[in-house]
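Predicted model, so just to flag it, every value in this text is computed and none were measured. Both backbone and side-chain heavy atoms feed into the values below; hydrogens, waters and symmetry mates do not. Here is the naming used below: chain letters follow the sequence lines, and residue numbers restart at 1 for every chain.
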Number of protein chains: 2
Amino acid sequence: MASKIREALLSSLTAHKDEFVSGQELAYEASCTRTAIWKHIEELRRDGFTIESRRKKGYRLVGRSDLVTENDILLGLETEQLGRNIVFYQTLDSTQKIAHQLAQESAPEGTLVIAEEQKTGRGRMSRQWYSPPGTGIWMSLLLRPELPPQKAPQFTLITSVAIVQAIEEVCGLQVQIKWPNDLLIDGKKITGILTELQADSERIYSLIIGMGMNVNQKQADFPEELHEIATSLALAKGEPVSRAKLVQRVLFHIERYYKMYMDKGFEPIKLLWESYAVTIGKHITARTLHDSISGVALGITDEGVLLLEDKDGVVHPIYSADIEWL
Amino acid sequence: MASKIREALLSSLTAHKDEFVSGQELAYEASCTRTAIWKHIEELRRDGFTIESRRKKGYRLVGRSDLVTENDILLGLETEQLGRNIVFYQTLDSTQKIAHQLAQESAPEGTLVIAEEQKTGRGRMSRQWYSPPGTGIWMSLLLRPELPPQKAPQFTLITSVAIVQAIEEVCGLQVQIKWPNDLLIDGKKITGILTELQADSERIYSLIIGMGMNVNQKQADFPEELHEIATSLALAKGEPVSRAKLVQRVLFHIERYYKMYMDKGFEPIKLLWESYAVTIGKHITARTLHDSISGVALGITDEGVLLLEDKDGVVHPIYSADIEWL
């Protein structure tokens, strides 16, 4: 109930941006008392919104700091289901871990776990993901698609395409995809995706899509060993980026591609993905757990598997590897 | 340590079946004191072993009742890794649930959870699996194959083939496989398999293979509504079957086929599976969650997906369905 009021309140304030709105009108639009409005305004201020108030005139939304609390994300979120249930933490071990727990406690599809800081954020192969406070987007999205487990890896690709679109929209930056799960700007890592699942042989119980996005880090915010391999959107763009806005557009595009996928299958996503992929058509080396194969990356299969043609013309399906190219 | 002594003790007693073995010899072979031997003999008796003891002659293994405790399974187990770590419960909710917990607590590959009775045993699609005490085999096996999640459904088929072999060996009965996960004798259900996984897009973290086998039930042990659709090995064979022996052979054959699969790929397993499958080449109806497709079952793909050719010659990949045929 309280979150409904907050949402209505934020949407009224935004609709009248730069104008004062009376407490009475806000109360009417949120179907609550003026006392409740007053209480929620105080709460929003604590969450980083700057709201001016004047006697007899009412309230005016001036702006907000770059936060990713439930309020920041809900205000302006254009999805139907994704991100409608948000679990925000100032700091936690890992958003993946919490999302898995919520999945087992029957949390609804679209539940988003997001944190200002992760203590033990992780990426592929249990590798550490550097997630310092206040600068990036560290979040995990719970989906429950009615699909067999073979289809799960496609969701890393769906998410990649959605994030490329969101970054282009919000920052005007061109992003490239490196199979299987990295997004790059000028060859440096800007986003990593980790799709995990719980399933039986026939159907997925829950799919947890973890996303780590470097947004407002300055060069000095990265540890020395990451300088050559990671960058942030703010560094690439030359100015700060609204994290909440980016989360909203990422969720919007994931929802859109997810629906497209369920309606029309993987083909349209696959074509989009291949158009952004940096490795397709190139001579690459794929280092797997036990092996290393070199050849030309032909494309991906309908299940998100990379196809690599070696010098003898043999095509190898690559399920998991680190990719290198010149 | 204690379980090492027990294992050595059981193997000495079995090696000298029908003969007396002195406490001193047993102590020597198990590298422990005679007092430890005496203590372990008492424990084995409590676990259902009949062990005769005579002054100056020692101990003689006469036999054992049909139990599936750790001891019963270890005595005569011919695997290298599967079932070498056994967690036995007299009664529990579901062996799957415990196995998932153990998987997250880093239990080793091959860990087996087995119970005399399950209160809330379940099969595919969260359907109930009737698991009364003392008559069947209710167990879950933990594997950690270095494979991508797309391969997980193959393990239901590997397990099916292993169980068919084990039943043929121990009971001399012919079993048929009904895609995806049922084993039948005379059209009635004898075994169900539920393969569950935790994974990311690239690799399986843990694979839990749940097996429910109807072994020594009498007709009256089945509830009325199951009379037409389920039967037991004892009913089919006309005499009781050793559950421990069956568990041993099931584990042995799963290990064998698992190795074969990792060495040579899915092809040999697939051929075996198709030779036992009752539906291949037949006209069947596949009822999926939202749909129903009729046609001829052509076979399975390399990922365990059923291929169904409808009357217009269109081939449908079936990932999940209930199969019916005339």
Problem - Between OH on residue Y319(B) and CD on residue E146(A), distance to nearest 0.5 Å - result: 15.5 Å

Handout entry: Toward chain B, the part of H100(A) with a non-hydrogen atom under 4.5 Å
Key = neither

Fill in the blank from the handout: Among A199(B), P148(B), A152(B), G304(B), the residue with the most heavy-atom pairs under 4.5 Å to chain A is A199(B)

Handout entry: Shortest non-hydrogen contact between D200(A) and L194(B), atoms and distance
Key = OD2-CD1, 3.8 Å

Handout entry: Closest-packed option against chain A by number of heavy-atom pairs under 4.5 Å, given I208(B), T156(B), L197(B)
Key = L197(B)

Practice task
Step through the shown structure and confirm whether more than 12 heavy atoms of other residues, nucleotides or ligands are within 6.0 Å of NZ on K188(A).
Solution key: yes

Problem - Exercise: identify the closest heavy-atom pair between E202(B) and S320(A) - result: OE1-OG, 2.9 Å

Handout entry: K189(A) NZ: over 12 foreign heavy atoms closer than 6.0 Å
Key = no

Handout entry: Atom CD of E80(B) with >12 non-hydrogen neighbours under 6.0 angstrom
Key = no

Practice task
Determine the minimum heavy-atom distance between P149(B) and P153(A), stating which atoms define it.
Solution key: CG-CG, 4.3 Å

